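Below: one structure, written as structure tokens.
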Amino acid sequence: GDSVTQMEGPVTLSEEAFLTINCTYTATGYPSLFWYVQYPGEGLQLLLKATKADDKGSNKGFEATYRKETTSFHLEKGSVQVSDSAVYFCALPDSWGKLQFGAGTQVVVTP
Amino acid sequence: EAGVTQSPTHLIKTRGQQATLRCSPISGHTSVYWYQQALGLGLQFLLWYDEGEERNRGNFPPRFSGRQFPNYSSELNVNALELEDSALYLCASSLSATNEKLFFGSGTQLSVL
């Protein structure tokens with residue numbers, strides 16, 4: 001079935017460093033792809049999405065490009081801040097239409 | 001506009017007891033999802049309700065059950081609690097069954113002693 005695989009964490013970075021979180025997907029068609037973020041003590045919130053191949057989703061300095069050739073949707077940010085410390089989840093809808101989430105990648109940004 | 005609200009925030013139970021968790025979706029949303037997030041693990045899908053009907057169920061035993069009320073709020077019941085049921089239970093809502101954008105509540109932290 002459709003699924004996503006994302007890199008394991010934790011990822012520890014210094015402030016202003018470049019962040020990449022890898023996400024690859026397996027899907028029979030071309031589903032929408034999502035990144036959600038979970039800040040400490042909170043529920044998940046949508047960070048960005050892309051609905052078709054070559055689409056780029058962006059929000060709060062984060063970007064991810066839907067790459068059909070490599071079945072990837074890697075999340076990137078050019079200069080992270082301490083406030084970006086969170087758990088990031090890649091997701092796609094399954095055959096029922098509900099979101100399937102990756103295992104999550106914890107990001108820790110130090111001053 | 002109020003977001004997804006869950007109650008209680010924290011719940012402490014002992015093994016064998018029953019727990020009831022509640023969720024109010026965003027006004028106008030008809031679909032409600034329940035996920036379990038155990039410590040160190042990702043989100044495990046539990047249940048999905050839309051328009052009062054159960055649409056899909058995750059790989060959990062029957063002692064996990066729920067329902068959706070006419071006002072679209074939802075309840076998750078966990079019977080015969082076990083220690084491994086300790087987790088953060090997250091509720092999410094979406095505008096409809098075909099809308100993929102989920103809005104999450106802050107969760108109920110269930111501790112089973």
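Hydrogens, waters and symmetry mates are skipped; everything else that's a heavy atom, side chains included, is used. In the text below, chain A, chain B and the rest are named by the order of the sequence lines, each starting its count at 1. Worth saying up front: this structure is predicted, and the values here are computed from it rather than measured.
- For a residue to count as touching a neighbouring chain, one of its non-hydrogen atoms must lie under 4.5 Å from one of that chain's; by this rule B:L90 touches chain A with the side chain only.
- At least one test fails for A:K98 against the ring of B:Y33: distance under 6.0 Å to the centre or angle within 45° of the axis.
- A side-chain donor-acceptor contact under 3.5 Å links A:T105 to the backbone of A:M7.
- Residue with the most contacts toward chain B among A:G104, A:P93, A:G97: A:P93 (heavy-atom pairs, distance under 4.5 Å).
- Only the side chain of A:Q38 comes within contact range of chain B, with at least one heavy atom under 4.5 Å from a heavy atom of that chain.
- When each of A:L99, A:L92, A:L46 is checked for heavy-atom pairs under 4.5 Å with chain B, A:L99 comes out on top.
- Under the ring-ring contact (aromatic ring centres under 6.0 Å, His included) criterion, the residue pairs touching residues 53-73 of chain B are B:F60-B:F64, with sequence neighbours excluded.
- How far CG of B:L88 is from NE2 of B:H10: 8.5 Å, rounded to the nearest 0.5 Å.
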